[in-house]
Engineer: 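Take a look at the following structure, please.
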Amino acid sequence: MTGQPPAIPLKAKDYKSEIKPVWCPGCGHFAVLSALTKALAYLALPREQTALISGIGCSSRLPAYTEVYGFHGVHGRALAVASGLKAARPDLTVLVAGGDGDGFSIGGNHFLHACRRNMDMTYIVMDNEVYGMTKGQASPTTSPDWAQSKLTPHGTGIPSFNPAAIALASGASFVARGFSGDPKSMTQLLVEAIQHKGFSFLQVLSPCTTFRPEQKNWKKEVHEFSGETTDDCVAAAQHIQIDDGMGAGIIYRRELPVWQPVVDPTHTVAELTRGFAL
Amino acid sequence: MAAYPITPASEILEWLAPNLEKIGGSLLQAEDELASINMIIGGSFGGVPSLTATSGPGLSLMMEGLGLAVTSETPVVVCNVMRGGPSTGIPTKSEQSDLNIALYGFHGDAPHLVLAALDIQDCCFTTQWAVQLSEEMQTVAIVLSYQSQGQARAIIDPPAEAQASGIRSTAPAGTDGYLRYTLNESGVSPMAVPGTAGCIYTADGLEHNQKGTPSSMATDHLNQLDKRLRKIVHYNYGSDWAITRGEGENIILTWGSSSGAAFEAAERLTQQGHATRAIAIRLLAPLQRESLAALLANGKRMIVVEQNHGAQFFQYLHAQQALPGYARSLARPGPLPIRPNDIVTFMMEEF
Ligand SMILES: Cc1ncc(C[n+]2csc(CCOP(=O)(O)OP(=O)(O)O)c2C)c(N)n1
Ligand code: SF4
């Protein structure tokens, strides 16, 4: 079952499916799809040995648009599906994708535990600071004074969630931030995230043109991450606090023990059964 | 296997964690039941038979995931060791009150299997059968067990082995024009396991067409609903779906863990000159209605026995029009088990 390296190198388009994305024109998620297929082609990953798992949201539609094995599950649970898959099939390259609502709100608990479990997988969160699919409500990363949603007419009034800080504090071994408006750098970040052994977290600032049109300005606001890439989590935490949240780059990278369940077959089922004999 | 600890299901996990490892499996302790159900869905999507164990509160949390398993046709088994409910209820005592959630807890139309172990020994047979059925039909099987089974120790004869094939239909590499959710007579469509070249697809909990592409077309929805129902309805379950002991025109009908008391009550009634048969149902859904009708033939008196307050089993059978008009309900909540004597007394008073 293990995939042979393809005779003819695959191109980015070979990792794209025929299905046309349902995304709005100008949605940042298009660039993530394109960068991901480029990264997969660059890494020459066999398509059948790669799995892309997601939850629900505009961003979570990603798997069907790629030509790798996919699982489009329920809202917020992508990391759990991916962890079960990786535990059962360590031979696969496991990628997980979703939105800020999917990953940080309904799926927040899984985010914490996936970071600390440090299984070898890559988690891409397309952060548009809004729930796109459900017509524009505030998400955990929305700033407290954004009052454009009918559900929060005065803004949420709650400080926003800092995904990189939480990932770092929870034990992720690779933390990076990218911008879909800079596809070249994002492709590079994806390549490094996938190559990293352990849980790689990549927050991609990916504008929602429909519900957050002001995010067009992100082109001007995004800058290179203010700190150097480090393997020191205290330094990384400081860098994250100093940065305004718009800095793109690899924030933290460290080789930490990668978790996989212990599998050490020493018995047959018949032998175990015999253990019950009186 | 993935699971989150809960009384009275933890004993299953405690035994399996060290022992699964020895045969090449593993148990992941998940962060919650939302995770554990989705983790086993992931494992099963990867081609490895996967199951979890929980109790009522955990099963409630798993329901959305179970709907996903039904729709994406990912086989998984949940062993639900029942305790007194609802809410935290009576965690350390038995009740047969999770039948309704097991049967009806899903949103949408979600055909699946519900089985119940009759006693400690039967936990092996029923769970093994559930895994086999779930793998063959690529669907969800919920196995209902019971606190006093889950937390007891007993010396038993070697349990019988379930005899279904348990083989998951998979797609060979390079299947031409592979369609994950293809429509066919059996309703079971070959599943490509990741790693299989030339059969790449995306499994989806969104309604989909045969290829797996999300679709809200009326025909796709109807076809896929029909398919997911067909595979379960057309399957030949053989004779293991129920057990009958004794004969006579008096009938005691029960399920799961009240079976022992029912068998004993039937024996006592027969000895007292009231010939009684007891029928215990192991496969609760899909209900084998026609076979049940045959087992109920020539009855004169009948009681339906279960350990819950709402007569859940009795109502289910009525909704399925599986009961004669003369059937009466003996339904009592936990924590005390239903004893043979309760059944004998009820039968004598009622008739
Ligand atoms: C259990 C559950 N609750 C709510 C929803 C509705 N819902 C679907 S997508 C979504 C939010 C999506 O936002 P995000 O994850 O940020 O992705 P985006 O659409 O912005 O890419 C919500 C609330 C759901 N599908 N399931
Ligand atoms: S609603 Fe926003 S996130 Fe969703 S597709 Fe449209 S632009 Fe993208």
Side-chain angles (χ1 to χ4, degrees), chain A residues 1-4 17 19 22 46-53 56 61 63-64 66-89 91-92 94 107 109-110 112-114 117 260-269 271-273 275-278, chain B residues 1-2 17-32 34-50 64-65 67-69 71-72 74 76 124 155-156 158-159 173 192-206 208 211-214:
Chain A
M1 285 208 311
T2 46
Q4 298 292 318
S17 79
I19 300 171
V22 292
R47 292 178 293 193
E48 68 277 8
Q49 282 296 117
T50 307
L52 175 53
I53 314 298
I56 295 293
R61 290 290 189 125
T66 64
E67 195 63 19
V68 298
Y69 276 92
F71 195 99
H72 184 211
V74 293
H75 193 30
R77 315 294 163 215
L79 284 170
V81 173
S83 304
L85 176 62
K86 186 70 186 177
R89 292 291 305 277
D91 58 308
L92 300 175
V94 176
N109 195 31
H110 309 308
L112 303 184
H113 293 280
R117 208 172 268 123
Q260 261 300 122
V262 177
V263 181
D264 178 23
T266 49
H267 290 61
T268 62
V269 175
E271 281 164 354
L272 269 194
T273 310
F276 283 100
L278 288 175
Chain B
M1 171 154 200
N19 283 295
L20 268 181
E21 227 171 88
K22 295 183 190 157
I23 55 167
S26 60
L27 183 142
L28 261 95
Q29 183 177 323
E31 53 270 26
D32 56 32
L34 304 163
S36 55
I37 186 66
N38 282 283
M39 283 176 172
I40 66 166
I41 289 171
S44 180
F45 170 69
V48 176
S50 301
E64 189 195 22
L68 168 64
T71 308
S72 63
T74 312
V76 291
C124 295
I155 295 174
I156 55 168
V193 172
T196 311
C199 299
I200 283 168
Y201 77 102
T202 291
D204 213 312
L206 275 175
H208 40 257
K211 192 167 184 289
T213 309

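By convention in this document, chain letters (A, B, ...) are assigned in the order of the sequence lines, proteins followed by strands, and residues within each chain are numbered from 1. What you see is a predicted model, and the numbers here were worked out from it, not measured in a lab.
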Engineer: Compare every heavy atom of B:Gly43 with every heavy atom of A:Ala88, then report the nearest pair and how far apart it is.
Structural biologist: CB-CA, 3.7 Å
Engineer: Between B:Ala192 and chain A, with a heavy-atom cut-off of 4.5 Å, which part of the residue counts as in contact: side chain, backbone, both or neither?
Structural biologist: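 Answer is both: backbone and side chain atoms of B:Ala192 are under 4.5 Å from chain A.
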Engineer: Among residues at least two apart in sequence or on other chains, which ones pass side chain to side chain contact (heavy atoms under 4.5 Å, CB included) with B:Lys22?
Structural biologist: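 Expected list: A:Thr266, A:His267, A:Leu272, B:Asn19.
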Engineer: Quick check: closest heavy atoms across B:Ile200 and A:Glu67, and the distance to 0.1 Å?
Structural biologist: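 Looking at all heavy atoms of both residues, the closest pair is CD1-O, 3.6 Å.
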Engineer: Using the side-chain hydrogen bond (donor to acceptor under 3.5 Å, both in side chains) criterion, which residues pair with A:His75? Sequence neighbours excluded.
Structural biologist: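 So A:His75 forms a side-chain hydrogen bond (donor to acceptor under 3.5 Å, both in side chains) with A:Asp102.
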Engineer: Heavy-atom pairs under 4.5 Å with chain B - which of A:Gly84, A:Gly70, A:Ala51 has more of them than the others?
Structural biologist: A:Gly70
Engineer: Go through B:Leu20, B:Asp32, B:Ile40 and name the one with the most non-hydrogen pairs under 4.5 angstrom from chain A.
Structural biologist: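 Among the listed options, the one with the most contacts to chain A is B:Asp32.
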Engineer: Just so I know, are the side chains of B:Pro214 and A:Arg61 near enough to count as touching, which here means a heavy-atom distance under 4.5 Å?
Structural biologist: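 Side chain of B:Pro214 against side chain of A:Arg61, heavy atoms only: contact under 4.5 Å found.
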Engineer: Is A:Leu278 in contact with chain B via its backbone, its side chain, both, or neither, using a 4.5 Å heavy-atom distance?
Structural biologist: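 Side chain of A:Leu278 only, per the 4.5 Å heavy-atom cut-off to chain B.
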Engineer: Consider side chain to side chain contact (heavy atoms under 4.5 Å, CB included). Of B:Thr196, B:Val193, B:Thr202, which one does A:Tyr69 pass it with?
Structural biologist: B:Thr196
Engineer: Locate the shortest heavy-atom distance separating A:Arg89 from B:Gly195; write the atom from each residue and the value.
Structural biologist: NH2-CA, 4.2 Å
Engineer: Which of the residues A:Thr268, A:Val68, A:Leu112 is involved in the greatest number of heavy-atom pairs with chain B at under 4.5 angstrom?
Structural biologist: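 Among A:Thr268, A:Val68, A:Leu112, the one with the most close pairs to chain B is A:Val68.
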Engineer: Flag the one option from B:Gly205, B:Ala203, B:Gly46 with the top tally of heavy-atom pairs under 4.5 Å to chain A.
Structural biologist: B:Ala203
Engineer: Contact between B:Leu28 and A:Pro261 at the side-chain level, heavy atoms closer than 4.5 Å - yes or no?
Structural biologist: yes
Engineer: Test side-chain contact (heavy atoms from CB on, under 4.5 Å) on A:His110 and B:Leu34 and set out the steps.
Structural biologist: CA-CA 9 Å; A:His110 309 308; B:Leu34 304 163; 4.0 Å; yes
Engineer: Between A:Arg117, A:Arg47, A:Glu271, which has the largest tally of heavy atom pairs under 4.5 Å with chain B?
Structural biologist: A:Arg117
Engineer: Under a 4.5 Å heavy-atom cut-off, does chain A meet the side chain of B:Ala35, its backbone, both or neither?
Structural biologist: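 For B:Ala35, heavy atoms of backbone and side chain both lie under 4.5 Å from chain A.
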Engineer: Kindly compute the distance separating CD (B:Gln29) from NE2 (A:His113), expressed to the nearest 0.5 Å.
Structural biologist: 10.5 Å
Engineer: B:Ile23 and A:Pro265: which non-hydrogen atoms are nearest, and at how many Å?
Structural biologist: C-CB, 4.1 Å
Engineer: Set out, in order, the CA-CA distance, both residues' side-chain angles and the distance that settles side-chain contact (heavy atoms from CB on, under 4.5 Å) for B:Ile41 and A:Phe71, then state yes or no.
Structural biologist: CA-CA 10 Å; B:Ile41 289 171; A:Phe71 195 99; 3.4 Å; yes
Engineer: May I ask you to name which of A:Ala277, A:Ala64, A:Ser83 has the most heavy-atom pairs under 4.5 Å with chain B?
Structural biologist: A:Ala64
Engineer: Against chain B, work out which of A:Thr66, A:Ile56, A:Asp264 has the most heavy-atom pairs shorter than 4.5 Å and name it.
Structural biologist: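 Heavy-atom pairs under 4.5 Å are most numerous for A:Asp264.
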Engineer: Checking A:His72 against B:Leu206 for the side-chain contact (heavy atoms from CB on, under 4.5 Å) test, could you report, in this order, the C-alpha distance in whole Å, the side-chain angles of both residues, the deciding distance, and whether it holds?
Structural biologist: CA-CA 8 Å; A:His72 184 211; B:Leu206 275 175; 3.4 Å; yes
Engineer: Output the option from B:Ser72, B:Cys199, B:Ser36, B:Ala30 having the highest count of non-hydrogen pairs under 4.5 Å with chain A.
Structural biologist: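 Max contact count across the listed options: B:Cys199.
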Engineer: For a quick test of reading the model, state the closest non-hydrogen atom pair linking A:Val263 to B:Gly25 and the distance between them.
Structural biologist: CG2-O, 4.3 Å
Engineer: So for B:Thr74, is it side chain, backbone, both, or neither that comes closer than 4.5 Å to the heavy atoms of chain A?
Structural biologist: side chain
